[in-house]
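What follows is a short report on a single structure.
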Amino acid sequence: MTVLKTRAKLVDVARQLFAKKGVEDTTMNDIAQASKKGRRTLYTYFKSKEQIYMAVVESELEMLSTQMEKAASKPVSPDKKILELIMTHLDAIKMVVYRNGTLRADFFRDIWRVEAMRKEFDRKETAVFRRVLHEGKEQNLFDIDNVEITADILHYCIKGIEVPYIRGQIGEELDDETGWRYVPKIVYGALGCKKKENNHIV
């Protein structure tokens, strides 16, 4: 098994154990035994549980970046693409937390520690937003003066509602379909889109 594959296996095994037992209750020995690689091999790649926990978070963020790129590459108009990116971001983050079971509690408790790992993902996401906003501006769909600043604000707005969205605190009394109907109004208003008729901006 190659070095990269071995590391990836260790990270995946750790992620599953963290989800099942929680980060605090999982030991390096647990990870070594479950991966069938032995403690020596595990410590060759990761010097501590902290390191492997961060590697798990990093791998999740890399998958999220891939999903964002796929959404940005879809053959749809920039206005629809922006909404797709927002939904992809929020739903993917929510799935990461729920898929990891008890890691959910650690995610919320260690959100500032996770924040340090997010810098590269945040940079990539903001670049994707800028690309789509430029497309929309060139096609006269968006009335925005400064694409860079708008992309930054959009990124931080979405990031800011992650935790309440995951916890279901946004529009608690609404079903998902009704709740999402508010998103285009807010986003299109901020981007200077005109009213939409028959799914086309006019």
Side-chain angles (χ1 to χ4, degrees), residues 15 56-100 103-104 107-108 111 114-202:
R15 184 185 66 75
V56 168
V57 173
E58 187 176 25
S59 70
E60 296 282 12
L61 290 172
E62 285 172 0
M63 285 189 276
L64 178 51
S65 281
T66 300
Q67 288 179 266
M68 294 293 284
E69 278 293 341
K70 283 182 180 177
S73 300
K74 286 186 176 180
V76 297
S77 60
D79 56 303
K80 291 181 180 176
K81 207 175 282 188
I82 282 290
L83 294 181
E84 180 83 16
L85 286 168
I86 292 170
M87 292 181 194
T88 297
H89 176 115
L90 291 174
D91 284 340
I93 286 285
K94 189 174 185 176
M95 284 305 298
V96 165
V97 174
Y98 279 97
R99 183 170 68 246
N100 283 306
L103 184 57
R104 181 182 185 190
F107 179 89
F108 289 128
I111 199 155
V114 171
E115 183 69 17
M117 297 295 299
R118 288 188 57 156
K119 288 181 180 177
E120 181 60 16
F121 166 75
D122 289 347
R123 185 192 65 74
K124 288 179 181 177
E125 178 174 81
T126 303
V128 168
F129 281 136
R130 285 174 182 165
R131 195 165 76 233
V132 176
L133 290 177
H134 271 299
E135 286 177 22
K137 189 172 182 179
E138 287 168 4
Q139 295 176 29
N140 293 316
L141 295 176
F142 303 149
D143 181 18
I144 48 180
D145 296 323
N146 190 308
V147 168
E148 282 67 30
I149 291 174
T150 305
D152 285 349
I153 293 171
L154 184 59
H155 163 73
Y156 283 113
C157 284
I158 296 163
K159 189 173 178 179
I161 64 172
E162 283 175 357
V163 172
Y165 179 76
I166 292 168
R167 288 176 167 164
Q169 295 169 333
I170 300 176
E172 292 179 74
E173 71 284 0
L174 304 175
D175 58 77
D176 287 347
E177 186 179 344
T178 304
W180 275 115
R181 283 208 295 267
Y182 285 88
V183 177
K185 290 183 180 181
I186 296 168
V187 174
Y188 291 150
L191 298 180
C193 296
K194 296 179 181 179
K195 287 184 180 179
K196 296 186 62 143
E197 292 182 5
N198 299 321
N199 293 323
H200 294 287
I201 293 175
V202 297

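Applying the salt bridge (Lys or Arg N to Asp or Glu O under 4.0 Å) test to residues at least two apart or on different chains, none of the pairs has a partner in residues 138-148.
Note that NZ of Lys70 and CD of Glu84 are 12.0 Å apart. Values are rounded to the nearest 0.5 Å. A distance of 8.0 Å separates CE of Met63 from CD of Gln67, quoted to the nearest 0.5 Å. Note that CD1 of Ile161 is 8.0 Å distant from CD1 of Ile86, once rounded to the nearest 0.5 Å. Between Met68 atom CE and His89 atom NE2 the span is 6.5 Å, to the nearest 0.5 Å. With values rounded to the nearest 0.5 angstrom, Leu90 atom CG is found 6.5 Å from Ile158 atom CD1. The distance from the CG atom of Leu64 to the CD atom of Glu69 is 11.0 Å, given to the nearest 0.5 Å.
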Exercise. Might you work through the side-chain contact (heavy atoms from CB on, under 4.5 Å) test for Ile82 and Phe142, ending with a clear yes or no?
Key: CA-CA 11 Å; Ile82 282 290; Phe142 303 149; 4.0 Å; yes
Practice problem: In sequence, state the C-alpha distance, the side-chain angles, and the governing distance for Glu162 and Lys94, and then conclude on side-chain contact (heavy atoms from CB on, under 4.5 Å). | Solution: CA-CA 8 Å; Glu162 283 175 357; Lys94 189 174 185 176; over 6 Å; no
Practice problem: Give the C-alpha distance, both sets of side-chain angles, the deciding distance and a yes or no for side-chain contact (heavy atoms from CB on, under 4.5 Å) between Asp91 and Tyr165. | Solution: CA-CA 9 Å; Asp91 284 340; Tyr165 179 76; 2.5 Å; yes
Self-check item: Asp79 vs Leu191, side-chain contact (heavy atoms from CB on, under 4.5 Å): CA-CA, chis, key distance, verdict
Solution: CA-CA 9 Å; Asp79 56 303; Leu191 298 180; over 6 Å; no
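Scored by the side-chain hydrogen bond (donor to acceptor under 3.5 Å, both in side chains) test, Gln139 finds no partners at all (sequence neighbours excluded). Among residues two or more places apart in sequence or in another chain, the salt bridge (Lys or Arg N to Asp or Glu O under 4.0 Å) test is passed with Glu120 by Arg123. Checked against salt bridge (Lys or Arg N to Asp or Glu O under 4.0 Å), Lys185 has no partners two or more places apart in sequence or in another chain. For Lys81, the salt bridge (Lys or Arg N to Asp or Glu O under 4.0 Å) partners two or more places apart in sequence, or in a different chain, are Glu135. Partners of Asp152 under the salt bridge (Lys or Arg N to Asp or Glu O under 4.0 Å) rule, at least two apart in sequence or in another chain, are Arg130.
Under the 4.5 Å side-chain criterion, counting only non-hydrogen atoms from C-beta, Leu133 is not in contact with Pro78. Under the 4.5 Å side-chain criterion, counting only non-hydrogen atoms from C-beta, Leu83 is in contact with Tyr188. The shortest side-chain heavy-atom distance between Lys159 and Arg118 falls under the 4.5 Å cut-off.
For the 3.5 Å distance criterion, the side chains of Tyr156 and Asp122 fail to qualify, holding no donor opposite an acceptor.
Taking each heavy atom of Ser77 and Leu141 in turn, the nearest pair found is CB-CD1, 4.5 Å. Minimum heavy-atom separation, Ile144 to Ala190: CG2-O, 4.4 Å. The minimum heavy-atom distance linking Leu154 with Phe129 is given by the pair CD2-CD2, 3.7 Å.
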